[in-house]
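I have placed the structure first, in the form of structure tokens, so that the comments after it can refer back to it.
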Amino acid sequence: MSDQQRPGVEQDGFVFTPRKNGQAQSVSDELAAWMSTGWADTERRDLEPIEQAEHTARRRAALSAAFPGERLVVPAGQLLTRSNDTEYPFRAATDYAYLTGDTSDGGCLVLAPRADGGHDAVLYLKPRSNRDNGEFWLGGYGELWTGRRNSLDEAADLLGVATADVRTLPGALRADSVATRIVRGHDAELDAIVDELRADADDEARAKSAKLDEDLGVTLADHRLVKDEWEVAQLQLAVDATVRGFNDVVTALPQAKDTSERYIEGTFFLRARVEGNDVGYGTIAASGPNATTLHWTRNDGPVRDGELLLLDAGVETTTLYTADVTRTMPVSGTFTDLQRKVYDLVYAAQEAGIAAVAPGRPFTDFHEASQRVLAEGLIEWGLLEGPVDRVLELGLQRRYTLHGTGHMLGLDVHDCAVSRQEVHLYGDLKPGMVLTVEPGLYFQPDDLTVPEEYRGVGVRIEDDVLVTEDGRRVMSQGLPRASADVEAWLAERMPR
Ligand code: GLY
Ligand code: MN
Ligand code: MN
């Protein structure tokens with residue numbers, strides 16, 4: 001047996017650990033020697049930077065200006081075990097993707113402070129697998145198992161930032177005691193190293209330092225509130241792909257009737273995957289009373305004529321920008337009178353909400369506009385007792401509306417959640433912000449406060465809206481919204 005491929009012996013940072021009951025428990029000297037030779041040079045030279053590189057450089061500069069003299073650590077995150085030796089699909093941490101354009105696992109961006117107040121950016125990444133020590137084929141994370149990675153030089157060219165081997169990062173962090181902040185919760189080892197660097201601080205100083213990390217995340221969320229041109233284009237790609245997925249679902253409705261909501265979920269996912277994308281959150285395919293459960297992702301119920309199908313789904317691009325769109329449609333192709341009445345009120349509320357999206361308007365305006373329309377309708381139907389101002393003041397309509405009318409959208413479906421309230425929740429809309437407008441009405445199957453005919457009816461209409469210089473643009477206008485247009489859409493696409 002060769003020294004390099006003997007179980008348990010470390011060689012250049014790689015330890016060969018055969019699976020306990022794996023069929024190959026050792027590697028002969030001859031095979032080890034042979035496997036280390038005979039490989040072509042596949043290094044790609046003179047690569048052009050990705051389109052996003054100029055934007056990530058500007059984003060890093062903005063972050064650098066906010067934290068002069070401090071070291072900033074922004075991890076990508078690690079693979080998470082699903083079971084035994086299988087992992088969940090990896091999704092890079094949002095702030096890391098925003099600042100680097102990279103979506104691979106295990107890396108980390110470090111902004112190291114310079115004397116002049118600026119920072120040097122270094123992106124620590126997994127290098128290519130070593131071909132001498134067997135790691136590339138004997139380690140479960142070697143490239144012959146998981147696929148070729150960019151070399152550090154290739155990544156530097158593509159991403160427009162200096163790169164280094166991530167295995168040197170713990171040492172590099174420990175070697176310098178400069179004040180350090182980390183975006184927490186993505187990489188336990190790096191979190192622990194930053195704690196170590198603060199080990200001689202007293203309790204009070206440590207409590208303060210936790211706040212320092214939190215402020216880094218808050219600042220990044222603040223920076224991400226207004227999307228740059230490139231981000232808006234990515235979001236439009238996500239929305240356009242989502243529109244195609246919704247069209248596919250309508251075409252597949254007859255098969256869903258023969259099976260279950262899973263057919264809807266699968267049809268949407270197929271569209272996302274064949275175009276190289278993913279979904280930005282668990283698809284909600286909710287038929288009949290399941291539509292009254294806001295985040296119904298079990299998707300195991302039947303899809304029946306006479307019911308409404310609520311589909312809330314969004315494609316996430318390879319660059320990790322996601323859409324978030326909902327349509328509610330009659331499975332038979334035609335709304336019943338009651339379904340249409342509920343749908344049309346939600347639609348009117350959405351129209352009022354969309355009209356309230358404009359630069360300079362408070363973020364809360366579109367929510368209030370939608371809620372007022374819904375409350376007025378509920379009073380008119382005799383489900384709530386007026387006057388409307390009292391209903392709204394006490395929030396009584398929320399028994400049936402349940403959730404807020406929308407949220408910021410971007411790399412995260414509920415984007416910039418931790419940003420400062422004065423610039424987000426209580427701030428004004430600015431050109432470049434993207435948000436959802438998604439009023440809904442939900443009458444629970446067991447709600448005795450409404451006549452029986454309402455029970456089990458759930459309607460949400462959700463669109464993605466860009467704040468422009470002079471108003472708004474509905475990015476998801478490729479899908480019909482008004483009840484008559486939804487029926488026409490179904491009539492056109494659904495085979496009968
Ligand atoms: N899809 C979750 C939401 O609409 O917020
Ligand atoms: Mn939403
Ligand atoms: Mn949604």
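Both counts, for ligands and for their atoms, begin at 1 and track the order of listing. By convention here, the first residue in the shown sequence is residue 1.
Residue-and-atom listing of protein N/O/S atoms under 2.8 Å from the Mn ion (ligand 3), sorted by chain and number: D312 OD1, D312 OD2, D324 OD1, E462 OE1.
Look at H414 and the Mn ion (ligand 2): no N/O/S atom of the residue is under 2.8 Å from the metal.
Under the 30°/60° scheme for interplanar angles, the aromatic rings of Y454 and W381 are found to be tilted. Ring geometry for F363 versus F366: interplanar angle over 60°, hence perpendicular rather than tilted (30 to 60°).
Applying side-chain contact (heavy atoms from CB on, under 4.5 Å) to H424 and the options M408, H407, M433 leaves one that passes, M408.
Residues H295 and Y281 place their aromatic rings such that the two centres sit no closer than 6.0 Å.
The closest donor-acceptor contact from the side chain of D213 to the backbone of I182 lies under 3.5 Å. At least one donor-acceptor pair closer than 3.5 Å links the side chain of K227 to the backbone N or O of L409. In this structure, E438 contributes its side chain and T405 its backbone to no donor-acceptor pair below 3.5 Å.
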Give one line per pair: atom of ligand 1, protein atom, distance. Only N/O to N/O under 3.5 Å.
from     : atom 1 : to   : atom 2 : distance (Å)
ligand 1 : 1 (N)  : D312 : OD1    : 3.2
ligand 1 : 1 (N)  : D312 : OD2    : 3.1
ligand 1 : 1 (N)  : D324 : OD1    : 3.2
ligand 1 : 4 (O)  : D312 : OD2    : 3.3
ligand 1 : 4 (O)  : D324 : OD1    : 3.4
ligand 1 : 4 (O)  : D324 : OD2    : 3.2
ligand 1 : 4 (O)  : E438 : OE1    : 3.0
ligand 1 : 4 (O)  : E438 : OE2    : 3.4
ligand 1 : 4 (O)  : E462 : OE1    : 3.2
ligand 1 : 4 (O)  : E462 : OE2    : 3.1
ligand 1 : 5 (O)  : H407 : NE2    : 3.1
ligand 1 : 5 (O)  : H414 : NE2    : 2.6

Kindly list each side-chain donor-acceptor pair under 3.5 angstrom involving residues 301-310, sequence neighbours excluded, with atom names and distances?
from : atom 1 : to   : atom 2 : distance (Å)
R304 : NE     : E307 : OE2    : 3.2
R304 : NH2    : E307 : OE2    : 3.3
D305 : OD1    : K257 : NZ     : 3.0
E307 : OE1    : S287 : OG     : 2.9
E307 : OE1    : R304 : N      : 3.1

*Would you sort out whether W489 and N247 count as a side chain to side chain donor-acceptor pair (under 3.5 Å), showing the intermediate values?*
CA-CA 9 Å; W489 177 45; N247 283 329; 2.8 Å; yes
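In this structure, the side-chain hydrogen bond (donor to acceptor under 3.5 Å, both in side chains) partners of Y400, at least two apart in sequence or on a different chain, are T449.
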